[in-house]
Each structure stands twice: as C-alpha cells, then as structure tokens.
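Below is one structure, written out as structure tokens; comments come after it.
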Amino acid sequence: MGIRVYNTFSGKKEEFRPVNEGKVKLYVCGVTVYDHCHIGHARSAIVFDVIYRYFMARGYEVVFVKNFTDIDDKIIRKSNSEGIPWKDVAEKYIVSFHEDMDALHVLRPTHEPKATEHIEDMIALVDNLINNGIAYKVNGDVYFSVENYKGYGELSGRTLDEMMAGARVEIDEKKRNPLDFVLWKSSKEGEPKWPAPFGDGRPGWHIECSAMSAKYLGLPFDIHGGGKDLVFPHHENERAQTESATGVKFANYWLHNGFVNIEKEKMSKSIGNILLIKDFIEEFHPEVLRLFFLSTHYRNPIDYNKKSIEDTNQALHRLYYTLERVAEMEKQLPVEPKPYGEAEELEKKYYEAMDDDFNTALALSYIFELSKMLNKMLDDDPTINAPFVLFTNRLFLSLANTLGLLHDNLTDFTSTEKIRHLNRVGLTPEKLDRMIAERAEARKNKDYKTGDQIRDVLARMGILLQDSPRGTEWRIKHITMKGEG
RNA sequence: GGCGGCAUAGCCAAGCGGUAAGGCGACGGUCUGCAAAACCGUUAUUCUCCGGUUCAAAUCCGGAUGCCGCCUCCA
C-alpha cells in the first residue's frame with residue numbers, strides 16, 4: 001500500500017503515483033516578503049515540512065521548491081511608507097523568514113527561488129500567451145483571457161457562469177471579461193520595472209509560480225501545495241496560464257492546508273489579532289506550535305487559544321520526560337538494543353496513519369503510546385527490559401523526528417523554557433536561587449512554615465518547587481500569554 | 001446569491017460500514033514533612049436532531065438545526 005493524498009482537484013483521496021518512480025517533485029507557494037511571518041504561515045510551513053520529511057522517510061528523493069514573492073504591490077507600499085528601497089524590504093523579510101523557519105525546525109527546501117530572479121522566464125511565458133492569442137494587451141497591461149482556457153474553474157470547482165453570477169467581481173473597463181487577470185502590469189513612475197517586448201513593467205502575482213515551478217521541476221510535476229485560500233484565484237490562475245502556454249498538464253496533485261483562527265476568529269489586520277512567529281517563540285518552545293498544528297489534520301481549520309497551547313505544552317513535556325528517563329537508564333545500563341515486537345506494531349500503525357493523507361493526529365497517538373510503553377518498561381524492571389527499552393526509544397525518537405519533534409534533549413528543552421519564564425515574571429536566576437536556599441535552610445531546621453511561605457510566593461509567580469534527591473528544582477506552573485485579550 | 005466544509009466525552013481531537021485512538025483536565029493509587037513533579041489506573045453503551053438503507057451506521061442516503069470557509073489581497 002502506498003501513500004494516499006487528498007487531491008483538491010478531484011475532491012478525493014487518491015493513490016500517489018509520482019511522475020518519476022521514486023521521486024517527488026513538490027512545489028509550495030511561499031510568502032510575500034513584506035512583513036514578519038505569523039502563525040498562519042507557520043502552519044503551512046510546518047505541514048509541508050512534515051510532508052517533505054515523510055516522503056524522504058519513505059525513501060523518496062524529493063525536489064522541494066518554495067518561492068519568495070519579492071516584488072508586488074504590498075512590498076512597494078511598504079517601501080514607500082518606510083522610505084526604504086523595495087529591494088531592502090524584501091531582503092529584510094527574507095532574513096526574518098529564515099530565522100523563523102530555522103527556529104521551527106522547518107527544513108530548507110531544495111530551491112528557494114525569488115520572483116525577481118526569474119523575470120526572463122515570466123516574460124517568455126507571457127509572450128507565448130500573447131502569441132497564442134490567449135492573452136491581450138491594454139494600455140501596457142497584459143491580461144489573461146479566462147474564456148480562452150476551457151478548464152478555467154476546474155480546480156476550485158466552479159464554472160465561469162457561476163462566478164459571474166456571484167457578481168462580486170469588480171468591474172474593470174480594461175478587461176474583456178471581469179474575471180480576466182493581469183499577467184504583466186505597466187509600472188507607475190518610480191516603481192520597479194523590467195523591460196519586456198510587450199512593454200516595460202512588472203509581473204502579475206500568479207505568473208511567477210508558473211515560471212518557477214516549470215523551471216525547477218518540469219511539467220507536469222507531482223504536488224502543488226499551499227494554504228486553502230490560494231486555491232482561488234492563485235492556483236486556478238497558475239494552472240490556466242501554464243496549461244494554456246504549454247499545452248501540458250501542470251500539477252498532478254493539489255494539497256491545501258486549513259487556516260488558523262485565533263480564539264475562533266479569523267486572523268486579520270483589521271481585528272488586530274495577528275500573532276507573529278517571533279512573538280510565539282518568545283513565550284513557548286517552538287515545538288509546542290508544531291505539536292499543536294500536527295494534532296489536527298492539516299486540512300481542518302484549527303483554533304489557536306491559550307488553553308490549547310497550554311495543553312499542548314503539557315503534552316510535549318510528557319514526551320520529553322520519557323526521553324529523559326530513558327537517558328538516565330541508559331547511563332546505568334548500557335546494553336545493546338533488542339527488537340521489541342509490540343513497539344514494531346506501533347511503528348507499523350504509525351506508517352499506515354501517515355500513508356493515509358498524512359494523518360498526523362493519528363500518527364501522534366502511536367508516539368504517545370510508545371512513550372507510555374517505555375514508561376511501563378522502566379517502572380516494571382529496567383534490568384530485564386533495558387535492551388527493549390533502547391530499541392523502543394530509538395523508534396520513538398525517529399518517528400517523532402519524522403514529524404520534526406523532539407529535536408532537543410530535556411535539559412535544553414526545559415532550560416530555554418525556564419529562561420523564557422523568568423523573563424516573563426521579572427525574576428533573575430540569582431534571586432530565585434537565593435529564595436530556594438533560604439527555604440532549604442528553613443526546612444533543615446524543620447521550620448516548615450517559613451519554607452512553605454517561600455514556596456507560596458514563588459507559586460504565585462508560576463514557579464513550582466520540586467524537592468528531589470538532587471535537591472530542590474523548579475518548573476513552570478502557569479504560562480500566561482503576552483498581549484492576551 | 002453561488003460553491004464547499006464541519007458538528008464525536010469538561011476541553012482539544014482521530015476514526016468515515018463491523019461494534020468509540022490519543023492529548024489536556026478530573027478522580028483514585030505509588031511517592032513525599034506536607035506538596036509538587038513523574039509514573040500507573042479510571043474516566044463516551046455512545047458520536048447535533050429526525051427519518052431511511054443494512055444482519056450491522058459515528059461512519060451510507062434523505063431532511064432539519066447550528067457553526068465556518070471561499071467567491072476580493074491573504075498561509
């Protein structure tokens with residue numbers, strides 16, 4: 001049984017059959033670099049990162065292309081409002097994008113082409129469309145004529161008539177059909193422009209993906225992905241352009257991820273509830289966000305809220321504790337791993353879940369079961385179980401890694417968490433250590449009252465003291481969110 | 001107006017014809033000066049409602065209700 005994917009085009013799950021045996025050609029629409037990325041971008045990035053990792057784990061050779069839209073109206077607007085060259089705006093946010101992706105352990109794609117470095121390819125495409133009578137020129141702009149492509153609307157599941165009936169399309173005198181879209185626009189004074197046989201100007205939004213996907217992957221390629229909102233018009237238009245210009249099928253499978261809502265509301269500038277990745281990772285471990293997204297199927301909408309994030313944070317800790325317990329056992333009982341059938345059963349189920357349209361929520365349940373299995377063996381009799389524990393742990397880790405989880409060890413994981421927390425409550429590590437020492441002193445004198453008072457004070461700051469054989473340690477109790485409304 | 005999606009325990013969430021995964025929480029236990037943490041165990045005779053098909057339905061069909069998305073820049 002192979003991998004099955006839900007294809008937006010057919011509206012069904014289909015057996016995945018690559019164009020070239022053993023290879024996957026994957027194109028995902030990247031970001032327009034005019035601002036820092038928010039957690040909606042993060043979901044898309046993480047979803048396709050997992051798909052990328054999973055195909056590799058299943059032995060495919062993957063060519064993964066994710067573009068940067070580094071020239072468009074929003075970038076120009078930002079350039080004007082901030083008084084910096086548009087090129088610098090783009091560069092700045094590309095750097096920011098990479099910082100965020102690295103923090104989230106999103107693997108770098110094979111290629112990250114920029115629109116502005118492929119203007120020639122776009123011009124060739126547009127030229128081709130004009131020569132074929134599919135595109136037309138009006139006052140220096142070039143439009144794609146949707147009536148000249150009979151498959152228009154197939155991807156988003158609607159017909160031209162239906163779309164016209166919607167009548168929400170803005171009327172533009174220059175267009176022959178209101179649904180026609182711009183391939184190339186003439187630049188206004190002071191705007192960036194490139195020379196072209198059909199007039200100087202700059203590319204429309206959709207054409208870059210048509211040009212770059214064909215260039216790096218060839219046609220047809222296997223999978224085209226992106227956020228659900230891109231189905232129409234972006235992907236519909238890419239498909240129309242490419243297939244009209246080349247006469248070749250564009251992409252075989254279309255995958256789209258669902259949206260992130262915040263407290264049941266759509267994230268939008270007007271509501272002012274956009275949460276940046278940078279703000280999130282200041283408060284929480286980046287893997288919390290990843291685990292949160294993967295706990296729901298990628299096509300479903302997901303609601304971001306404080307409780308869900310805290311639940312997820314707790315669940316992630318659970319996984320890390322297991323890792324820690326095994327590490328301690330291994331120090332004491334260094335043995336060779338021995339295959340353990342029950343763990344292998346779970347591994348099998350994990351792959352079945354992932355094969356079925358990347359059902360990460362189900363796959364995660366097996367990772368949690370592996371964690372529970374490890375804990376039981378450790379509680380039971382580590383001396384006897386050690387070889388099986390090590391085997392199971394290896395599986396546990398590798399399956400989690402395929403989802404991009406458990407990259408840290410527990411010590412690193414908790415220490416970064418703690419630094420975040422102390423900053424949040426305005427306490428220095430020195431001051432905290434002093435308070436802990438005071439309490440230890442009181443306890444030594446059996447002055448439990450004073451000791452408990454100190455514990456209470458700290459508890460109110462979300463710091464939980466834990467007395468262990470190694471002395472008193474602490475962990476985070478409540479996590480409060482910044483800017484929470 | 002057109003097209004599409006979703007409704008499963010206190011919360012989050014899989015399952016999509018064969019008799020309800022997993023996580024959080026809660027409760028019980030082990031541990032502890034008391035705790036906490038950690039671990040183990042328990043926690044939906046039932047899947048929004050009403051009909052129907054079937055030996056069998058959360059899963060299929062028809063209808064109702066309630067949410068949501070897209071049709072305009074958007075991950």
Side-chain angles (χ1 to χ4, degrees), chain A residues 8 11 13 28-32 34-35 37-48 72-74 77 153 156-159 161-170 179 205 225-234 236 256-261 264-269 274 291-292 294-297 299-303 305 307-319 321-322 324-325 349 353 356 359-369 371-372 374-376 378-380 443 446-449 451-452 455-456 459 463-468 472-477:
Chain A
T8 304
K13 279 185 203 169
V28 174
C29 290
V31 293
T32 300
Y34 72 104
D35 208 341
C37 288
H38 57 242
I39 60 171
H41 296 113
R43 161 116 105 148
S44 185
I46 286 169
V47 163
F48 287 101
D72 94 331
D73 291 350
K74 292 186 290 284
R77 216 175 301 141
S156 48
R158 53 193 110 192
T159 64
D161 289 344
E162 282 168 0
M163 285 188 264
M164 288 311 294
R168 296 264 293 269
V169 193
E170 141 191 12
L179 291 163
W205 173 35
K228 238 178 187 132
D229 55 313
L230 296 179
V231 176
F232 189 90
H234 187 52
E236 191 73 69
H256 295 98
N257 66 275
F259 263 41
V260 180
N261 292 127
K264 306 243 196 279
E265 273 188 312
K266 182 171 172 171
M267 247 198 294
S268 79
K269 293 222 158 141
I274 290 178
L291 180 59
F292 173 61
L294 298 183
S295 66
T296 298
H297 188 87
R299 279 187 280 118
N300 294 152
I302 193 166
D303 189 54
N305 58 75
K307 183 180 186 307
S308 290
I309 293 301
E310 285 182 355
D311 289 354
T312 306
N313 189 53
Q314 192 56 35
L316 185 61
H317 268 94
R318 181 186 175 81
L319 261 20
Y321 275 115
T322 300
E324 177 76 354
R325 289 189 74 189
K349 287 182 175 177
D356 184 15
N359 191 337
T360 53
L362 224 208
L364 276 170
S365 77
Y366 301 126
I367 288 178
F368 278 97
E369 288 196 21
S371 162
K372 181 167 283 187
L374 284 164
N375 282 322
K376 267 188 181 155
L378 254 18
D379 283 350
D380 193 25
R443 291 178 74 222
K446 298 260 192 279
D447 179 6
Y448 294 120
K449 195 171 166 234
D452 287 353
R455 187 168 64 191
D456 289 344
I463 291 166
L464 262 186
L465 296 186
Q466 300 173 208
D467 299 320
S468 80
T472 299
E473 295 168 343
W474 69 278
R475 83 188 300 263
I476 304 161
K477 188 180 180 192

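Chain letters run A, B, ... following the sequence lines, proteins first and then strands; every chain starts at 1. When reading the values below, keep in mind they use all heavy atoms of this one structure, side chains included, and skip hydrogens, waters and symmetry mates.
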**Request:** Nearest whole angstrom, please: distance from the P of B:C12 to the CG of A:Leu291.
**Result:** 17 Å
**Item:** A:Tyr321 OH - B:A37 P separation (whole Å)
**Value:** 9 Å
**Item:** Side-chain N or O of A:Trp205 closer than 4.0 Å to phosphate OP1/OP2 of B:C74
**Value:** yes
**Request:** List the protein contact pattern of nucleotides 21-28 of chain B with one symbol per nucleotide (5' to 3'): B for base contact, S for sugar-phosphate-only contact, - for none; contact means a heavy-atom distance under 4.0 Å.
**Result:** BSBBS---
**Complete:** In whole angstroms, the gap separating C1' of B:G4 from NE2 of A:His256 amounts to 14 Å
**Euclidean distance, atom CG of residue A:Leu378 to atom P of B:A37 [Å, nearest integer]** = 20 Å
**Prompt:** Can you tell me how far P of B:G4 sits from CG of A:Leu230, to the nearest Å?
**Reply:** 21 Å
**Prompt:** Which dot-bracket string describes RNA chain B (Watson-Crick N1-N3 plus N6-O4 or O6-N4, or G-U N1-O2 and O6-N3, all under 3.5 Å; [ ] crossing; | other strand)?
**Reply:** ((((((((.[[[..)..(...]]]((((((.......))))))....[[[[[..)....]]]]])))))))....
**Asked** How long is the span from the NZ atom in A:Lys269 to the CG atom in A:Asp35, to the nearest 0.5 Å?
**Response** 5.0 Å
**Message:** If I take atom CZ in residue A:Phe259 and atom C1' in nucleotide B:C73, what distance separates them, rounded to the nearest angstrom?
**Reply:** 11 Å
**Fill in**
Distance col, row A:Thr312:OG1 vs A:Lys307:NZ, nearest 0.5 angstrom, shows 9.5 Å
**Message:** Determine whether a donor-acceptor pair (N or O, by modelled atom type, separation under 3.5 Å) exists between the side chain of A:Lys228 and the backbone of A:Arg299.
**Reply:** yes
**Item:** Whole-Å distance separating the CD atom of A:Glu473 from the P atom of B:U32
**Value:** 17 Å
**Request:** Spell out yes or no: do the side chain of A:Arg455 and the base of B:A35 have one donor N/O and one acceptor N/O closer than 3.5 Å?
**Result:** yes
**Request:** Determine whether any donor atom in the side chain of A:Asp356 lies under 3.5 Å from an acceptor atom in the base of B:C16, or the reverse, and answer yes or no.
**Result:** no
**Message:** Is it the case that the base of B:G33 and the side chain of A:Asp452 share a donor-acceptor contact (distance under 3.5 Å, atom types as modelled)?
**Reply:** yes
**Prompt:** Taking only side-chain nitrogens and oxygens of A:Lys376, does any of them come within less than 4.0 Å of OP1 or OP2 of B:G41?
**Reply:** yes
**Asked** Closest to the A:Lys266 side chain: B:C71, B:C34, B:C74?
**Response** B:C74
**Item:** Side chain A:Arg299 and base B:G5 donor-acceptor under 3.5 Å
**Value:** no
**Prompt:** A:Lys74 NZ to B:C73 C1': how many Å, rounded?
**Reply:** 5 Å
**Among B:A14, B:A38, B:A36, the one nearest A:Asn300 by side-chain distance** = B:A14
